[in-house]
Structures are given as structure tokens and as C-alpha cells.
Amino acid sequence: LTFDNGKLQTTEDISIPAYRELKSFSGTLADVREKLKSYDYNHPLESLIELNVQEPDFDPAVSYEFEQMLRESEQSSFRIIKPRLTFLNRRLEADELFEQGTEIADLTEKQVFARRLESENLPDEEKQLLNDAFDELLAEIQQ
């Protein structure tokens, strides 16, 4: 920037060398794994990469594969600085199933199971089968 008497007169672009690249990859685990595999890094300093993996449903195998991918990347010429794995249809935790202030001791086993079953994305027939099986087990325990 060139100023004359406090007023901007001209601007001139100057190139700034890129010693390190900052990247962000998003998608499913398979998508992100492929992007990392094909990533071409050619800077003097290691690249810093943010990962945002989103999977539709919770799957412990995906969590394991994600952790494995992070361990494998430690041998690369880039560094993953912000890994994030999100399941879009995640299960609600116990504290999210009931209103704040609800004490578990005030609820019946049937109420707790019914609320948990409501939070699952299952067909009605499967919910009914699980409910019947729960009733059967509960009756057995109470005898």
C-alpha cells in the first residue's frame, strides 16, 4: 500500500511463499480415507489437516477404523490436527432421555425401557417384539 498525506494512492500485490498447507477434508470415512490417500503435499513443512468424518448411523467398527486411520497417518508427511467423527443418527444418552429433574428412582423399569425404545429408529414390529421380550424378562425377574 502506498499512502500520500494519509490517503491511499496505490496497491501492489506481493507473493507470499507457502511453506505449509492447511487443508480440511469432510465426508464419510471412506471418502476421507480416499482424500488422504490421494492428497499431494509438496511444501517444505508438513501440512496440517482437519478431518470431519460424518457417518449416518453409529457403528463401533467405524470408530475403530477411524482411530486406526489416525494411527496410520502418524507415518505421513502431514499432521492431522483436528480429527472429528460424528454419527448423524446417534443414540441419546441416558441423561438426554428424560426431562431435567427426573429421578431414575421415581421411574419403573417399564418406563425407562419404553423411553429408550422410543429413542431408537426401529420399525414398529421390531419395537413390539423387543417390548414383549422385555415384559417376559421383567416378569421372570420379579417372580
Side-chain angles (χ1 to χ4, degrees), residues 1-3 6-142:
L1 302 175
T2 306
F3 290 90
K7 293 186 180 182
L8 179 65
Q9 297 299 312
T10 61
T11 61
E12 179 185 339
D13 291 337
I14 59 171
S15 62
I16 300 172
Y19 292 107
R20 180 186 312 261
E21 187 171 42
L22 305 175
K23 293 293 284 184
S24 178
F25 296 132
S26 298
T28 65
L29 182 62
D31 295 339
V32 168
R33 187 184 302 266
E34 188 58 38
K35 289 174 184 176
L36 283 175
K37 193 183 294 184
S38 63
Y39 176 57
D40 183 27
Y41 36 89
N42 55 2
H43 296 284
L45 299 176
E46 67 183 354
S47 296
L48 302 177
I49 299 179
E50 174 186 49
L51 297 182
N52 186 15
V53 175
Q54 290 187 340
E55 290 288 332
D57 298 310
F58 174 77
D59 185 351
V62 170
S63 295
Y64 176 78
E65 289 176 35
F66 181 73
E67 292 299 322
Q68 185 70 24
M69 182 181 68
L70 295 178
R71 280 191 293 279
E72 290 168 1
S73 74
E74 292 172 358
Q75 309 303 319
S76 303
S77 298
F78 55 82
R79 184 169 15 135
I80 296 174
I81 57 168
K82 194 172 179 187
R84 184 175 32 240
L85 172 61
T86 307
F87 296 103
L88 300 175
N89 299 319
R90 70 177 182 83
R91 291 183 174 148
L92 296 177
E93 301 297 326
D95 63 336
E96 298 174 295
L97 291 174
F98 298 97
E99 291 181 29
Q100 190 172 8
T102 302
E103 295 291 329
I104 192 83
D106 297 336
L107 303 170
T108 66
E109 294 89 350
K110 183 73 175 170
Q111 289 172 319
V112 172
F113 185 75
R115 186 63 60 91
R116 180 66 191 174
L117 204 52
E118 286 173 18
S119 72
E120 294 295 324
N121 187 17
L122 299 171
D124 289 339
E125 306 83 44
E126 196 170 333
K127 283 184 181 179
Q128 186 59 48
L129 284 172
L130 288 170
N131 210 13
D132 293 345
F134 181 80
D135 289 342
E136 205 174 303
L137 288 171
L138 188 59
E140 239 180 84
I141 290 171
Q142 290 175 342

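Since the model is a prediction, treat every value here as computed from it, not as a measurement.
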Is the closest side-chain heavy-atom distance between Ile80 and Glu74 below 4.5 Å?
-> no

Let me see the working for Leu1 and Glu12 under side-chain contact (heavy atoms from CB on, under 4.5 Å), right down to the final yes or no.
-> CA-CA 6 Å; Leu1 302 175; Glu12 179 185 339; over 6 Å; no

For residues Phe87 and Asp59, report the shortest heavy-atom separation together with the two atoms involved.
-> CE2-N, 3.6 Å

Where do Phe25 and Leu36 land on the side-chain contact (heavy atoms from CB on, under 4.5 Å) test, with the steps shown first?
-> CA-CA 8 Å; Phe25 296 132; Leu36 283 175; 3.7 Å; yes

Spacing of Leu51 atom CG and Lys23 atom NZ [to the nearest 0.5 Å] = 12.0 Å

Glu55 and Leu29: which non-hydrogen atoms are nearest, and at how many Å?
-> OE2-N, 2.7 Å

Taken in chain and number order and not counting sequence neighbours, the residues that satisfy salt bridge (Lys or Arg N to Asp or Glu O under 4.0 Å) with Arg20 are none

Sequence neighbours excluded, the answer for salt bridge (Lys or Arg N to Asp or Glu O under 4.0 Å) partners of Asp31 is none

Atom OG of Ser73 and atom CD1 of Ile49: how far apart are they, to the nearest 0.5 Å?
-> 8.0 Å

To the nearest 0.5 angstrom, please state how far the CD atom of Glu65 sits from the CG atom of Leu85.
-> 10.5 Å

Test salt bridge (Lys or Arg N to Asp or Glu O under 4.0 Å) applied to Lys82 - qualifying residues, sequence neighbours left out = Glu50

Can you tell me how far OG1 of Thr86 sits from CZ of Phe58, rounded to the nearest 0.5 angstrom?
-> 12.5 Å

Test item: Asn131 and Phe113 side chains (from C-beta on) under 4.5 Å apart, heavy atoms = yes

What are the two closest non-hydrogen atoms of Thr28 and Val53, and how far apart are they?
-> C-CG1, 3.9 Å

Any sub-3.5 Å donor-acceptor pair from Glu126's side-chain atoms to Pro123's backbone N or O?
-> no

Examine the side chains of Gln128 and Asp132 and answer whether a donor and an acceptor come within less than 3.5 Å of each other.
-> yes

Can you list the residues that meet the salt bridge (Lys or Arg N to Asp or Glu O under 4.0 Å) rule with Lys35, with sequence neighbours excluded?
-> none

Residues at least two apart in sequence or cross-chain that pass ring pair (Phe, Tyr, Trp, His ring centres under 6.0 Å) with Tyr41, listed by chain then number, are Tyr39, Phe78

How long is the gap from CD on Gln111 to OG1 on Thr108, to the nearest 0.5 Å?
-> 3.5 Å

Not counting sequence neighbours, which residues clear side chain to side chain contact (heavy atoms under 4.5 Å, CB included) with Gln68? List them please.
-> Tyr64, Arg71, Glu72

Rounded to the nearest 0.5 Å, the CD1 atom of Ile81 sits from the OG atom of Ser47 at a distance of 10.5 Å

Between Ala18 and Pro44, the two heavy atoms sitting closest are O-CD, 4.0 Å

Return yes when atom CZ of Phe3 has more than 12 non-hydrogen atoms of other residues, nucleotides or ligands closer than 6.0 Å, and no otherwise.
-> yes

Side-chain contact, heavy-atom cut-off 4.5 Å: Glu46 with Glu21?
-> no

